[in-house]
Amino acid sequence: MGPLAGRVSLVTGASRGIGRAVARALAAEGAHVVLAARDAAKLAEAVGEITAAGGRAEALALDVTDRTSVEAGIAQVLSSHGRVDHLVNNAGVTRDNLLLRMKDEEWQQVMATNLTGVFLCTQAALKPMLKQRAGRIVSVTSVVGLGGNAGQANYAASKAGIVGFTKSVAREVASRGITANAVAPGFIETDMTAGMSEKAREAVTAAIPMGRVGQPADIAGTVAFLISDAASYLTGQVLGVDGGFHM
């Protein structure tokens, strides 16, 4: 048992990196975690990792860019569990390029996953939450959405959009016992950042006041707090978890 026992958490982009760490953290707190992503093999691996540790978890094949897939996924969770208590919007992609070289598809792919996906998942999950008159929504944005980054105009725009979206949702649903917050990771050690050159990695690390890059568990702990009862009076906020990089 744990403080989240009896509650159902849906985490998108949960097959690896931050999403996987978040799923582990919520399961450790007692939640039944539904891990959603498109990579079935990685999902099965992540679910196995949680259940082997004594947690409760299941996989859900989901394409956050497709309304039919999202609505069917939420319906499946409701059919199995009767409720959705927590939604963690974590699914994200990058298609980096300088703006003058950026192709339409590089812009559209990033916006579809990173921003439209958050809209579709939040809209679908809000329906049962409103009936329950309770719920937690946490979306993963980025320090890039707060400060921009050369070569990432598409990514920065999508992540900045999550900030405005989160604040708007928070205002709409606060009276129904639902909170909406965002977490803005800095440089985190994941598959998405693994391709950086050593020179770039050293430059980024030098700009972090705490002198180290973050780990997925650093973000997972913050998400777990925002979902906890201790954060019941906290909504419409963006918490930077970046070692002081953007302050």
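Positions are given from 1, in the same order as the sequence printed here.
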Report yes or no: does N90 contribute a side-chain atom to a donor-acceptor pair with the main-chain N or O of V140 at less than 3.5 Å?
no

Quick one: CG on L100 to CG on L98, what's the gap to the nearest 0.5 Å?
7.5 Å

Please collect all side-chain hydrogen bond (donor to acceptor under 3.5 Å, both in side chains) contacts where either partner lies in residues 220-239, sequence neighbours excluded, each pair once.
R7-D229

Within this structure, what is the CZ-CG distance for the pair R101 and D96, rounded to the nearest 0.5 Å?
13.0 Å

Co-membership, hydrophobic cluster, residues V143 and I208, 4.5 Å side-chain
yes

Indicate, with yes or no, if F187 and V238 share a hydrophobic cluster defined by side-chain heavy-atom contacts under 4.5 Å among Ile, Leu, Val, Met, Phe, Trp and Tyr.
no

Got a second to check how far C121's SG is from L126's CG, nearest 0.5 Å?
11.0 Å

Kindly give the heavy-atom pair with the smallest separation between T190 and P216, and that separation in Å.
CG2-CG, 4.2 Å

Once side-chain hydrogen bond (donor to acceptor under 3.5 Å, both in side chains) is applied, what residue pairs with a partner in residues 132-150 remain, sequence neighbours excluded?
N89-S139, N149-Q152

State, with a plain yes or no, whether a side-chain heavy atom of R83 is found less than 4.5 Å away from one of K131.
no

Would you find more than 12 non-hydrogen atoms of other residues, nucleotides or ligands less than 6.0 Å from R38 atom CZ?
no

Which pairs would a plain distance check flag for residues 103-110, meaning a side-chain donor or acceptor within less than 3.5 Å of a matching protein atom at least two apart in sequence or in another chain?
unit_1	atom_1	unit_2	atom_2	d
E106	OE1	N97	ND2	3.2
E106	OE1	K103	N	2.9
Q109	OE1	R95	NE	2.8

Between N114 and S158, do the side chains contain a donor N or O and an acceptor N or O under 3.5 Å apart?
yes

Distance check, rounded to the nearest 0.5 Å: L10 atom CG versus H81 atom NE2?
10.0 Å

Which residue pairs pass the side-chain hydrogen bond (donor to acceptor under 3.5 Å, both in side chains) test when at least one of the two sits in residues 203-220, sequence neighbours left out?
R212-D218

On a heavy-atom basis, the closest approach of A156 and G148 is CB-CA, 4.3 Å

Work out which heavy atom in A46 is nearest to a heavy atom in S15; give both atom names and the distance.
CB-O, 4.5 Å

Looking only at heavy atoms, which two atoms of P3 and E29 are closest? And how far apart?
CG-OE1, 2.8 Å

Using only atom types and a distance under 3.5 Å, with no angle test, would you say the side chain of S79 pairs donor to acceptor with the backbone of A75?
no

Aromatic plane relationship, F165 with F119 - under 30° parallel, 30 to 60° tilted, over 60° perpendicular:
perpendicular

Would you indicate whether the side-chain heavy atoms of R16 and D39 approach each other to under 4.5 Å?
yes

For residues 173-182, which residue pairs pass the side-chain hydrogen bond (donor to acceptor under 3.5 Å, both in side chains) check, not counting sequence neighbours?
none

Is the shortest side-chain heavy-atom distance between P209 and M247 below 4.5 Å?
yes

Answer yes if F245 and V213 sit in the same cluster of Ile, Leu, Val, Met, Phe, Trp and Tyr residues linked by side chain heavy atoms under 4.5 Å apart, and no otherwise.
yes

Give a yes or no on whether the backbone of G48 and the side-chain of T51 come within a donor-acceptor separation of less than 3.5 Å.
yes

Correct closest heavy-atom pair for P128 and L78 would be CB-CD2, 3.7 Å

I219: hydrophobic cluster co-members (side-chain, 4.5 Å):
L4, V11, I18, V22, L26, V33, L35, L43, V47, I50, V88, V138, V183, I188, V223, F225, L226, I227, L234, L239, V241

M129 side chain reached by L87 side chain, heavy atoms, under 4.5 Å:
yes

Reported OG1-to-CG distance for the pair T65 and L115, which is rounded to 0.5 angstrom
12.5 Å

Do the side chains of V64 and M111 join up, straight or via other hydrophobic residues, at under 4.5 Å, putting them in one cluster?
yes

For I178 and A134, work out which heavy atoms get closest and say how close.
CG1-C, 3.8 Å

Counting neighbours of CZ on R171 that are heavy atoms of other residues, nucleotides or ligands and sit closer than 6.0 Å, is the number greater than 12?
no

